[in-house]
Amino acid sequence: MTTVAKLFETMEYGPAPESDAPALEWIKQHDGGRFGHFINGVWTSPSDGTYFETINPATKAVLARVAQGSKADIDAAVAAATAAGPGWAALQPHARARYLYALAREVQRHSRLLAVLESLDNGKPIRETRDLDIPLVARHFYHHAGWAQLRDTEFPGYVPVGVVGQIIPWNFPLLMVAWKVAPALAAGNTVILKPAEFTPLTALCFAEIAREAGLPAGVFNVVTGDGTTGKHLVEHPGVQKIAFTGSTEVGRIIRKATAGTGKKLTLELGGKSPFIVFQDADLDSVVEGVVDAIWFNQGQVCCAGSRLLVQEGIADRLTQKLRARMEKLRVGSPLDKAVDMGAIVAPVQLERIRGLVEKGVEEGAKMWQPSWACPTDGYFYPPTLFTDVSPAATIAQIEIFGPVLVSMTFRTPKEAVELANNTPYGLAASVWTENINLALDVAPKLKAGVVWINSTNLFDAASGFGGYRESGFGREGGREGMYEYLKPGWEEGRGKGEGYTTLSPASEQGITLPPSPIPLPGLPPIDRTYKLFIGGKQVRPDQGYSRKIAGPDGRVLGEVGEGNRKDIRNAVEAAHAAEGWGRGSGHTRAQILYFIAENLATRAQEFADRVGREEVEASVARLFTYAAWADKWDGAVHHTPIRGVTLAMNEPVGVLGLIAPDDFPLLGFVSLVAPAVAVGNTVIVVPSETHPLAATEFYTVLETSDVPDGVINVVTGAKDALAKVLAEHDDVEGIWYFGTATGVKTVELASAANMKRTWASARSRDWLDARQGEGRDFLRHASEVKNIWIPYGE
Ligand code: NAI
């Protein structure tokens with residue numbers, strides 16, 4: 001007799017295709033399948049008449065022809081966005097909120113068309129576009145309608161950045177439109193978007209939807225094309241910010257191209273995210289988790305859990321279970337509602353995956369694929385599992401961006417963390433264990449912007465997304481994502497016009513510096529020769545040189561050590577050794593900052609003789625400000641739509657290089673050091689080049705204030721040269737620079753090596769003004785936000 005159980009055992013899936021007709025019809029309605037750019041609210045032919053094809057990777061059929069954007073096209077789009085800017089920015093927050101709300105509604109109204117179009121153009125299963133991509137797109141616009149409404153109350157004193165250029169990849173084409181466009185418009189900016197060349201169609205469809213929703217012309221523009229189009233956008237002087245998602249390689253090019261231009265920049269780059277399984281994890285859930293981590297979207301996901309790290313005792317059992325599950329996965333037509341995996345986006349990507357898999361085999365790892373064969377009419381690749389992978393193997397280090405999982409084992413939680421952090425990336429991580437203590441002990445130790453506990457690939461507009469290290473900088477989503485599209489209002493009007501002065505080097509300010517460096521006399525140092533301050537000790541500079549510091553009347557006031565590359569290296573080492581500072585409590589850090597303030601106040605007169613009473617008093621007050629913040633710089637618990645909590649934790653960036661401004665010798669120094677250490681960073685500070693003596697005298701205050709060795713290190717000398725060394729250093733995670741325009745460019749360029757976070761400014765700032773010299777802006781630059789997703793329930 002046939003039982004239900006028997007039916008379940010034998011039942012095969014039949015095809016359940018979604019119709020492609022409405023999407024193909026939509027394409028045809030546009031000039032028979034030929035699309036111009038969307039500029040100033042109208043379809044615009046490419047200036048040089050060039051088009052390229054976009055194909056359906058599941059069938060290799062040509063879907064449409066799309067305009068190749070030239071420099072002239074970018075010029076036209078920037079002109080449109082610039083013209084629309086003032087009107088859009090001047091709207092009441094409520095009016096912008098109404099537009100964003102309308103966009104959310106329109107996306108929902110057209111959700112089926114968008115889902116099918118996305119599957120056709122990208123090759124991802126309709127199940128994903130229908131149930132994940134498009135609902136999340138709508139969610140982003142709803143969420144940001146809220147931020148638009150609350151902008152002036154929640155971000156007082158901030159103004160929009162201006163014209164924003166956004167360059168997106170092909171793996172989540174419309175979702176990336178939403179992640180980028182929603183916060184930009186909510187903040188009051190206007191946008192030029194460049195979709196990926198493989199997947200431009202949903203962005204174009206969205207542009208039309210936005211016009212239907214009544215969005216004013218020029219507020220949102222789309223210019224299609226390849227990397228050269230992106231390059232024109234990045235280099236356009238009329239663009240005030242670039243937001244990019246894509247490969248680390250191109251991210252690095254963009255970092256260099258924008259260096260010194262004053263453009264704001266956010267980069268969401270690649271990853272090699274660990275998926276850590278402890279032996280007490282629920283293995284059946286783990287298997288489903290792995291499916292979602294690496295076979296979702298064919299593994300073409302920046303935060304894909306592509307490195308499976310398994311505790312040794314359960315490795316074989318998990319491998320068996322995974323193989324059994326892989327055998328049941330279905331690869332096929334993306335429009336079939338019952339497939340698990342669709343097509344790889346393009347032949348070049350398929351070749352890249354094949355090449356890396358071959359390399360894995362060559363290097364001796366064991367490769368396994370299911371017994372069935374993939375369809376051959378499109379660009380398909382089967383789910384693939386590597387075991388016996390060495391942590392240094394190419395496939396364990398390079399982002400494959402395909403359905404390929406590499407698996408390694410570990411013994412202890414400590415080893416798991418070391419393996420997990422053993423890549424230059426830091427985007428995401430999953431931790432699987434039934435032991436909440438273990439999970440929450442491990443999560444903060446992982447260098448990743450997002451950590452999912454017993455879950456993976458969860459996203460929401462309320463929770464910021466973005467990476468550490470070579471995975472880029474900046475966050476998308478949530479409150480922190482909004483700040484990426486805003487700037488402090490006090491900067492407004494000081495950009496180029498009245499009141500704007502660029503700090504120039506001492507020589508350009510008419511200050512005569514003595515010939516420097518000059519050799520030390522060799523014998524006991526003369527009075528008032530200040531050494532460097534490294535690892536809690538005053539140390540002689542490596543080369544034994546010092547420089548004379550003259551007062552306004554030309555009289556020599558003292559000498560300071562001439563730091564060099566070796567001194568910076570020593571200071572970075574000392575700062576790393578002191579990293580326990582960030583793991584201590586905010587209360588402890590507050591106590592020490594208060595103590596520094598108290599000791600400075602005791603010696604106020606002595607410092608006032610150098611820099612004036614006003615600056616000393618302001619420095620004491622500023623230390624109090626950050627002592628106050630140290631135990632109040634709280635994170636948040638986000639309302640994401642899961643049964644659980646999402647904790648947004650403010651973590652220190654790590655080791656920071658701080659290059660202090662030349663004016664305000666004491667206050668400028670304190671204004672950088674105090675927020676950085678309040679959040680838990682350890683620092684290497686280069687004080688004012690022209691007036692370093694207040695900072696060097698300050699060592700003695702630090703020595704009496706219980707500051708642990710290595711938390712604050714000071715290297716005096718040629719400011720821009722030392723800044724460059726710090727910016728190039730691979731073990732420095734972030735750098736702040738306040739100085740000349742040339743220095744800003746040097747620092748931003750040099751930082752591209754390890755993609756460190758930079759905050760560099762040549763804008764003159766009144767450090768006595770609390771709006772300009774202290775507060776949340778400083779604390780934000782001192783922090784990385786880590787979002788930890790913790791689902792609960794049995
Ligand atoms: P890509 O980084 O070259 O492309 C991303 C976007 O940048 C596209 O819109 C492209 O046209 C644009 N672009 C390319 N060169 C540019 C330039 N010089 N200036 C400005 N814009 C430029 O990524 P691609 O070639 O599509 O994929 C290559 C690899 O990158 C993948 O195999 C994968 O490993 C990684 N990738 C990572 C993504 C992520 O989300 N983290 C997304 C896409 C790719």
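Just so you know, ligand 1 is whichever comes first in the structure, and atom 1 is the first atom listed for that ligand.
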Take the angle between the ring planes of Phe141 and Phe206 and call it parallel below 30°, perpendicular above 60°, tilted in between.
parallel
Is the His140 ring parallel, tilted or perpendicular to the His144 ring (thresholds 30°, 60°)?
parallel
Please list the nearest protein heavy atom to [atom] with its residue and the distance rounded to 0.1 Å.
atom	answer
atom 38 (C) of ligand 1	Phe401 CZ, 3.3 Å
atom 10 (C) of ligand 1	Glu197 OE1, 3.5 Å
atom 13 (N) of ligand 1	Gly227 CA, 3.6 Å
atom 34 (O) of ligand 1	Glu399 OE1, 3.1 Å
atom 32 (O) of ligand 1	Arg352 NE, 2.8 Å
atom 31 (C) of ligand 1	Gln349 OE1, 3.8 Å
atom 19 (N) of ligand 1	Lys231 N, 3.6 Å

Phe244 near ligand 1 by a heavy-atom separation under 4.0 Å
yes
Counting from 1, what ligand 1 atoms have a heavy atom of [X] closer than 4.0 Å?
X	value
Pro169	42 (C), 43 (C)
Gly230	19 (N), 20 (C), 21 (N)
Ile167	6 (C), 7 (O), 9 (O), 12 (C), 20 (C), 21 (N)
Gly270	41 (N)
Asp226	11 (O)
Trp170	24 (P), 26 (O), 27 (O)
Cys302	39 (C), 40 (O), 41 (N)
Ala196	9 (O)

Atom 4 (O) of ligand 1 touched by protein (heavy atom, under 4.0 Å)
no
Is the shortest distance from atom 25 (O) of ligand 1 to a protein heavy atom below 4.0 Å?
no
Would you mind telling me which of Thr50, Asp73, Asp226 makes a side-chain hydrogen bond (donor to acceptor under 3.5 Å, both in side chains) with Gln68?
Asp226
Does the side chain of [X] reach to within under 4.5 Å of the side chain of [Y], using non-hydrogen atoms?
X	Y	result
Pro200	Phe35	no
Trp43	Glu208	yes
Gln369	Pro383	no
Phe172	Lys124	yes

Does ligand 1 come near enough to [X] that some N or O of the ligand is less than 3.5 Å from an N or O of the residue?
X	answer
Ser247	yes
Glu268	no
Leu269	yes

Looking at [Y], does the NZ or CZ of [X] lie under 6.0 angstrom from its six-membered ring centre and within 45 degrees of the ring axis?
X	Y	answer
Arg780	Tyr483	yes
Arg65	Phe52	no
Lys366	Phe386	no

Verdict with supporting geometry, Phe401 and Trp170, ring-ring contact (aromatic ring centres under 6.0 Å, His included)
CA-CA 12 Å; Phe401 228 64; Trp170 41 259; 5.3 Å; yes
Ile168 vs Phe244, side chain to side chain contact (heavy atoms under 4.5 Å, CB included): CA-CA, chis, key distance, verdict:
CA-CA 6 Å; Ile168 56 172; Phe244 170 79; over 6 Å; no
Go through the steps for Glu651 and Lys786 under the test salt bridge (charged side-chain N to carboxylate O under 4.0 Å, His left out), then give the verdict.
CA-CA 7 Å; Glu651 293 191 341; Lys786 175 179 278 175; 3.2 Å; yes
May I ask you to identify, for Gln300, whether its side chain, its backbone, both or neither come under 4.0 Å of ligand 1 on a heavy-atom basis?
neither
Under the side-chain hydrogen bond (donor to acceptor under 3.5 Å, both in side chains) test, residues paired with Glu484 that sit two or more places apart:
none
Residue selection (non-hydrogen contact nearest atom 6 (C) of ligand 1) among Ile168, Val250, Leu356, Thr229:
Ile168
